[in-house]
K.L.:
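Below is a structure I'd like to ask you about.
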Amino acid sequence: MKRLFLLISLLVLSKFSAQTWATEDQYIQKFAQYAVEEMEKYKIPASITLAQGLLETGGGQSRLAQEGKNHFGIKCKEEWTGKTMKHTDDAPNECFRVYDDPKQSYEDHSIFLATRKYYTKLFDLDMKDYKAWAHGLKKAGYATNPRYASILIGKIEKYKLYEFDEVDSKEVLYAVLKKYPDLKDDRTFMARMEPAKATKKTTTPVTVKVPYKATSYAQQQQRVERIKTKAEILNSILIKSHPNGGLKYIVIPEDTDVQYIAKKFKISESKLMKWNELDGTALAKNEVVFLESKNSEGNTAIYKAESGEDMYDIAQKFGIKLHKLYAKNRMDEGQKPSAGQLIYLIDKKPRN
């Protein structure tokens with residue numbers, strides 16, 4: 001009887017173990033593509049993103065992942081204006097973000113890391129050094145578990161997730177198929193590899209609004225293409241790291257407005273206006289926009305003003321608060337520099 005009980009127990013345990021393995025493998029098969037896409041946009045190793053997703057969701061089985069499509073346990077924070085849900089984590093009934101799609105959760109995770117000062121030093125690391133990134137996340141306070149770095153590294157090495165750091169978004173599904181050959185019999189997966197034959201696109205389409213004008217069909221189609229192209233360009237904005245202390249900023253690729261940037265990067269319009277000392281909401285092509293407060297000084301001592309530049313242009317170029325720049329150079333607000341004038345960026349201009 002004891003032997004029979006032991007045999008049944010082993011079978012049950014092996015079943016649960018197999019389910020756990022299958023769950024994590026299936027998670028990788030489904031979300032590796034998102035991790036690689038985010039790596040291309042934000043320079044965060046795909047292996048790290050995928051390992052965090054595996055850990056935070058328990059292979060996609062957590063309540064936050066199932067009900068809130070939240071794969072990284074990101075809490076509401078003051079700037080979040082989207083849907084929310086209550087969940088007990090470090091404390092009872094904490095507020096967590098809710099997404100319409102896991103892809104949104106993956107991008108929000110990237111934005112979360114790329115726009116917060118605690119994680120600035122991560123982006124100085126080699127993108128293929130997953131061990132340094134794991135330890136860097138723990139050091140920056142991403143998680144309270146003292147073993148967080150070693151757990152991430154364990155996941156990455158167990159499933160060889162570092163292989164995804166070597167591929168791009170066009171190759172990632174082939175890498176998944178190579179890792180899991182049985183997927184060749186999975187119609188849903190194979191449809192993702194052949195988007196032209198798929199009945200539904202795997203990427204979220206760009207929705208564009210085209211104001212009606214009484215023009216020919218050909219002219220209207222040209223307008224649609226122009227607007228569509230602009231929307232796609234804006235949708236691919238990349239966050240950059242400024243030489244002045246690693247400040248996070250973007251360069252506007254097409255004319256847009258503060259509202260669009262605020263919505264895309266989950267930052268309030270008022271903060272963007274304040275941080276960038278904007279008088280209006282319109283943003284022009286090639287304009288520099290900071291996603292955090294600028295510094296009080298630059299990273300180089302002196303700059304020679306170019307013809308046509310004003311103090312605001314220089315403040316944005318070097319990531320310095322405008323009023324600080326005026327004060328350092330003993331200039332009145334609104335006063336313009338002359339071509340070739342030396343602008344002091346760190347110390348105050350000496351008195352004549």
Side-chain angles (χ1 to χ4, degrees), residues 24 27-57 71-74 102-143 145 147-179 203 235-251 253 264-266 288 290-292 299 319:
E24 296 207 325
Y27 186 92
I28 294 165
Q29 293 164 17
K30 189 168 184 178
F31 297 112
Q33 183 176 7
Y34 293 169
V36 171
E37 288 171 353
E38 293 305 306
M39 177 174 68
E40 288 185 340
K41 288 189 288 184
Y42 295 96
K43 311 305 179 188
I44 300 167
S47 59
I48 286 290
T49 301
L50 207 47
Q52 285 188 288
L54 277 170
L55 179 59
E56 295 286 347
T57 66
H71 284 235
F72 299 93
I74 297 181
K103 189 176 179 70
Q104 295 174 349
S105 177
Y106 268 74
E107 179 160 28
D108 199 28
H109 167 261
S110 298
I111 292 170
F112 187 85
L113 292 182
T115 58
R116 280 168 168 72
K117 280 193 172 182
Y118 332 113
Y119 307 116
T120 297
K121 291 183 179 179
L122 288 173
F123 294 87
D124 294 331
L125 300 173
D126 183 345
M127 199 169 66
K128 294 181 181 179
D129 190 348
Y130 63 86
K131 291 182 180 179
W133 271 79
H135 287 292
L137 280 166
K138 177 64 187 78
K139 187 175 180 180
Y142 188 92
N145 188 333
R147 295 187 58 250
Y148 188 74
S150 60
I151 293 171
L152 285 185
I153 293 168
K155 293 281 186 191
I156 291 169
E157 295 182 344
K158 177 180 180 179
Y159 294 108
K160 298 182 179 179
L161 301 182
Y162 47 77
E163 293 175 351
F164 294 114
D165 296 338
E166 305 291 337
V167 300
D168 60 31
S169 56
K170 293 178 182 178
E171 303 167 332
V172 59
L173 293 180
Y174 294 97
V176 172
L177 183 60
K178 183 179 178 181
K179 184 182 276 296
T203 55
N235 201 39
S236 63
I237 297 174
L238 297 179
I239 294 177
K240 300 174 182 287
S241 183
H242 198 279
N244 187 5
L247 294 170
K248 300 304 173 187
Y249 75 100
I250 59 173
V251 177
K264 177 174 177 61
F265 293 103
K266 313 293 190 302
V288 171
F290 285 89
L291 303 180
E292 58 184 313
N299 62 311

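What's counted below: heavy atoms across the whole structure, side chains too, no hydrogens, waters or symmetry copies. Residues: numbered from 1 along the sequence shown.
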K.L.:
Is a side-chain donor or acceptor of Asp165 paired with a backbone partner of Pro45 at a separation under 3.5 angstrom?
P.N.:
no
K.L.:
To check you understand the geometry: which heavy-atom pair defines the closest contact between Phe31 and Pro102, and what is its length?
P.N.:
CE2-CB, 3.7 Å
K.L.:
Can you tell me how far the OH atom of Tyr159 sits from the CD1 atom of Ile28, to the nearest 0.5 Å?
P.N.:
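Separation between the atoms: 6.0 Å.
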K.L.:
Could you check whether any side-chain heavy atom of His135 comes within less than 4.5 Å of a side-chain heavy atom of Ile153, counting everything from C-beta outward?
P.N.:
yes
K.L.:
Taking the six-membered ring for Trp, are His109 and Tyr34 closer than 6.0 Å centroid to centroid?
P.N.:
no
K.L.:
Testing the basics here: between Phe72 and Gly53, what is the closest heavy-atom pair and its distance to 0.1 Å?
P.N.:
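Looking at all heavy atoms of both residues, the shortest contact is CE2-N, 3.6 Å.
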K.L.:
Enter the distance from Leu173:CG to Gln29:CD here, rounded to the nearest 0.5 Å.
P.N.:
11.0 Å
K.L.:
I'd like to know if the side chain of Ser105 and the backbone of His71 have a donor-acceptor N/O pair within less than 3.5 Å.
P.N.:
yes
K.L.:
Could you check whether any side-chain N or O of Trp133 sits under 3.5 Å from a backbone N or O of Lys128, counting only pairs where one atom can act as donor and the other as acceptor?
P.N.:
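No; judged by distance alone, with no hydrogens or angles, the pair does not exist.
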K.L.:
Is there a side-chain contact between Tyr148 and Leu55 in this structure, where contact means two heavy atoms from C-beta onward sitting under 4.5 Å apart?
P.N.:
yes
K.L.:
Closest approach of Ser47 and Tyr130, non-hydrogen atoms and distance?
P.N.:
OG-CB, 3.5 Å
K.L.:
For the residue pair Phe112 and Lys266, establish whether any side-chain heavy-atom pair is separated by less than 4.5 Å.
P.N.:
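Answer no - side chains too far apart.
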K.L.:
Is it true that, when you exclude Lys30 itself, more than 12 heavy atoms of the residues, nucleotides or ligands shown sit nearer than 6.0 Å to its NZ?
P.N.:
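For Lys30, atom NZ is not crowded (no more than 12 foreign heavy atoms under 6.0 Å).
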K.L.:
Please confirm whether Lys248 makes a cation-pi placement over Phe123, using NZ or CZ under 6.0 Å from the six-membered ring centre and within 45° of the ring normal.
P.N.:
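Cation-pi check for Lys248 and Phe123: passes.
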K.L.:
Just do the side chain to side chain contact (heavy atoms under 4.5 Å, CB included) check on Glu37 and Lys103 with the steps written out, would you?
P.N.:
CA-CA 10 Å; Glu37 288 171 353; Lys103 189 176 179 70; 2.5 Å; yes
K.L.:
Is any side-chain heavy atom of Ile44 closer than 4.5 Å to a side-chain heavy atom of Glu38?
P.N.:
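Ile44 vs Glu38: side chains apart.
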K.L.:
Salt-bridge test for Glu163 and Lys178: reply yes if a basic N is under 4.0 Å from a carboxylate O, no otherwise.
P.N.:
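No, Glu163 and Lys178 are not salt-bridged.
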K.L.:
Taking Glu292 for the side chain and Lys117 for the main chain, is one N or O donor matched with an acceptor at less than 3.5 Å?
P.N.:
no
K.L.:
What's the spacing between Leu122 CG and Arg116 CZ if we round to 0.5 Å?
P.N.:
13.5 Å
K.L.:
Is the shortest heavy-atom distance from the side chain of Tyr42 to the side chain of Ile111 under 4.5 Å?
P.N.:
yes
K.L.:
Kindly compute the distance separating NZ (Lys131) from CG (Leu125), expressed to the nearest 0.5 Å.
P.N.:
14.5 Å
K.L.:
Looking only at heavy atoms, what is the nearest atom pair of Ala149 and Ala134, with distance?
P.N.:
CB-O, 3.6 Å
K.L.:
Hey, are the side chains of Met39 and Val36 touching, using non-hydrogen atoms and a 4.5 Å cut-off?
P.N.:
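Yes - at least one pair of side-chain heavy atoms lies under 4.5 Å apart.
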K.L.:
Could you give the distance from CD (Glu24) to CG (Leu50), rounded to the nearest 0.5 Å?
P.N.:
10.0 Å
K.L.:
Fit a plane to each ring of Tyr249 and His242, take the angle between them on a 0 to 90° scale, and name the class: parallel (under 30°), tilted (30 to 60°) or perpendicular (over 60°).
P.N.:
perpendicular
K.L.:
How many angstroms lie between CG in Asn299 and CG in Leu247, if you round to the nearest 0.5 Å?
P.N.:
9.5 Å
K.L.:
Could you check whether any side-chain heavy atom of Leu137 comes within less than 4.5 Å of a side-chain heavy atom of Leu113, counting everything from C-beta outward?
P.N.:
yes
K.L.:
Between Ala51 and Ile156, what is the shortest heavy-atom contact and its length?
P.N.:
CB-CG1, 3.7 Å
